[in-house]
Number of protein chains: 2
Amino acid sequence: MKTIEQLLESKNIRVTAMRLLIYKFLAEKEIAVTLSDIENAFEKADRTTLYRTIKTFEENVIVHQIDDGTGITKYALCEEGCNCDIKNDLHLHFHCNNCNETICLTEHKIPQIKVPDGFVSENVNLVVKGICDKCSG
Amino acid sequence: MKTIEQLLESKNIRVTAMRLLIYKFLAEKEIAVTLSDIENAFEKADRTTLYRTIKTFEENVIVHQIDDGTGITKYALCEEGCNCDIKNDLHLHFHCNNCNETICLTEHKIPQIKVPDGFVSENVNLVVKGICDKCSG
DNA sequence: ATAATTGATGCAATGGAAGTGCAATTATTA
DNA sequence: TAATAATTGCACTTCCATTGCATCAATTAT
C-alpha cells in the first residue's frame, strides 16, 4: 500500500500540501468530479492551481478525464484496473440522469466494438446514462 | 419521399427560408457539424438564429446532438434508422483523431451493455475514436 | 381586408469553462 | 547562503452556449 507521497514521488511530482489535499478529496469521492466541485471544496485555493494540479495528475495517469455528455469535463482517480493511458482500453462510465453524478464502473468491461472497413479504432468512450443505484432504490 | 417542407409541417414547425437552408446544409454533410460550422456556412445569418434553429430541430427529433469528446457539441440529421428519441437506442459515432471529423455509423449497432444491479440503463453514448477511412488510406 | 396575436429573427449581452502570461512565493539544489 | 527551478495566485483572454428584448414576418380572428 503506497502512500500518496510515495505515489507522487514515484512519478517525479513534488509533494505539496495542495496536491495531497486534492488527491485525498478525489480518493474520498466515489464519483467523478468537475473542476467546479474541487473549487467549491477548496475555496481558499485559486482556480488555476486546482486546474493545473488536475492537469499534472492527468499527465501522470493519476486521474483520468471523463466526458459524460454533460458538457463539463469530469475527473476521477485512476484505480488499480485503470489503463486509461493504454490506447485500447475501454472506459465505462455511468451517468445518472437523476442526481447528475457520474461514476466509474471499472469492473465492467466492454466488448470490442467493430468499426467499418478502413476505420481504425484507437479508443472508445462509452457512457451509459440512466438511473444509478442510489436513485433507483 | 417527404419533402423538407412536409417534414417540418408534420412536426408543426413553420417553414422558413432559414430552416430549409440549414436542413439542406445538414443533409449535404455526411459528418456531424458544430454550430460554428453552420455559422461559417451562413455568414449573413445571425448566430442566435442558427442556434435556435438547431435547437428546434433537436426538440423535434430532426437532428441529434453528438458529444464526441472534443468539447464542442456537434449535430447531425437523424436518419431513417435513427431512434435517438427512444431511450434505449444506442448511438454509435466515430471521431477521427486526425481530421477531427465525426461521423454517424448508424448501421453499426452495439450490443446491450450490462450495468451493475440497481442501475437502470436508459441510454448509451458511444464514441469510437481513431482514424477514419479517408485518413487511414 | 385589417387588426391582433403568435412566432421568427437579429442584436446585445451574459455566464461558464478552459486556458495562458506573468509576477510572487516556496522549495530544491549548488 | 545564493542560485535555480517549480508552484501558486492574480488578471486576463477566448470560446461556446444561452438568454432578454426589440423588431419583423406570418398566421389567425374579427
Side-chain angles (χ1 to χ4, degrees), chain A residues 4-25 32-60 62-76 95 100 102, chain B residues 4-26 32-60 62-76 95 100-102:
Chain A
I4 307 172
E5 284 89 344
Q6 285 170 337
L7 173 69
L8 295 180
E9 278 165 6
S10 74
K11 291 172 187 281
N12 278 326
I13 303 169
R14 279 199 197 160
V15 177
T16 68
M18 204 66 252
R19 285 172 180 166
L20 290 174
L21 283 170
I22 293 175
Y23 189 97
K24 280 174 195 160
F25 175 75
V33 299
T34 65
L35 239 143
S36 296
D37 291 336
I38 303 175
E39 210 182 332
N40 292 334
F42 300 97
E43 295 195 336
K44 294 164 202 157
D46 188 76
R47 245 180 55 77
T48 317
T49 306
L50 304 173
Y51 172 76
R52 285 200 261 238
T53 301
I54 281 288
K55 286 291 160 193
T56 303
F57 283 0
E58 209 189 330
E59 283 160 20
N60 289 278
I62 293 169
V63 305
H64 64 263
Q65 254 190 310
I66 299 163
D67 177 7
D68 65 4
T70 53
I72 301 155
T73 307
K74 295 188 178 177
Y75 302 91
H95 176 75
N100 220 34
T102 300
Chain B
I4 307 173
E5 284 88 344
Q6 286 169 336
L7 173 69
L8 295 180
E9 278 164 6
S10 73
K11 292 174 186 280
N12 279 324
I13 302 169
R14 281 201 196 157
V15 178
T16 68
M18 204 66 251
R19 284 172 181 166
L20 291 174
L21 283 170
I22 293 175
Y23 189 97
K24 280 173 196 159
F25 175 75
L26 291 168
V33 299
T34 64
L35 237 142
S36 297
D37 292 336
I38 303 175
E39 211 184 330
N40 292 335
F42 300 97
E43 294 195 336
K44 294 163 201 157
D46 187 77
R47 209 189 136 72
T48 316
T49 305
L50 305 173
Y51 172 76
R52 286 200 261 240
T53 302
I54 281 288
K55 286 291 159 192
T56 303
F57 284 180
E58 207 188 330
E59 283 159 21
N60 290 278
I62 292 169
V63 305
H64 64 263
Q65 253 190 310
I66 300 164
D67 177 7
D68 65 4
T70 53
I72 301 153
T73 307
K74 295 188 177 177
Y75 303 91
H95 176 76
N100 220 35
E101 290 190 348
T102 300

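A, B, ... follow the sequence lines: proteins, then strands. Residue 1 opens every chain.
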Toward the 5' end of DNA chain D, by each residue's nearest nucleotide, A:Ala45 or B:Gln65: A:Ala45
Compare side-chain N and O positions of A:Thr16 against OP1 and OP2 of D:dT8 and report whether any pair is under 4.0 Å apart. yes
With a 4.0 Å cut-off on heavy atoms, is B:Lys44 in touch with a base, just the backbone sugar-phosphate, or nothing at all? nothing
Range on DNA chain C touched by chain A - first to last nucleotide, heavy-atom distance under 4.0 Å: C:dA17 to C:dT28
Look at the side chain of A:Thr48 and the base of D:dC10, then say whether one donor and one acceptor between them are separated by less than 3.5 Å. yes
When we call it a touch if two heavy atoms are under 4.0 Å apart, what does B:Thr34 touch: a base, just sugar-phosphate, or nothing? nothing
Quick one: B:Glu58 CD to D:dA17 C1', roughly how many Å, whole number? 12 Å
Check whether the ring centres of A:Phe42 and A:Phe25 lie less than 6.0 Å apart, and answer yes or no. yes
Let me know, please, whether B:Asp46 or A:Val15 comes out on the 5' side of the other along DNA chain C by nearest nucleotide. B:Asp46
When rounded to whole Å, the CZ to P distance for the pair A:Arg47 and D:dC10 reads 13 Å
Taking B:Ile62's backbone N and O only, do any of them form a donor-acceptor pair with B:Asn60's side chain (distance below 3.5 Å, no angle check)? no
Does B:Tyr51 place a side-chain N or O at less than 4.0 Å from the phosphate oxygens OP1/OP2 of D:dA17? no
CA sep, side-chain torsions, deciding dist, call: A:Glu39, A:Thr34, side-chain contact (heavy atoms from CB on, under 4.5 Å): CA-CA 9 Å; A:Glu39 210 182 332; A:Thr34 65; over 6 Å; no
Any strand counts, and the cut-off is 3.5 Å on both contacts for Watson-Crick or G-U wobble. Which nucleotide pairs with C:dT29? D:dA2
Could you state the CG-P distance from B:Asp37 to D:dA17, rounded to the nearest angstrom? 11 Å
What does A:Arg19 touch in the nucleic acid at a heavy-atom separation under 4.0 angstrom: a base, only the sugar-phosphate, or nothing? sugar-phosphate
Once salt bridge (charged side-chain N to carboxylate O under 4.0 Å, His left out) is applied, do any residues pair with A:Lys55, and if so which ones, sequence neighbours excluded? A:Glu58
Distance, rounded to the nearest Å, where A:Asp67 contributes CG and D:dC16 contributes P: 16 Å
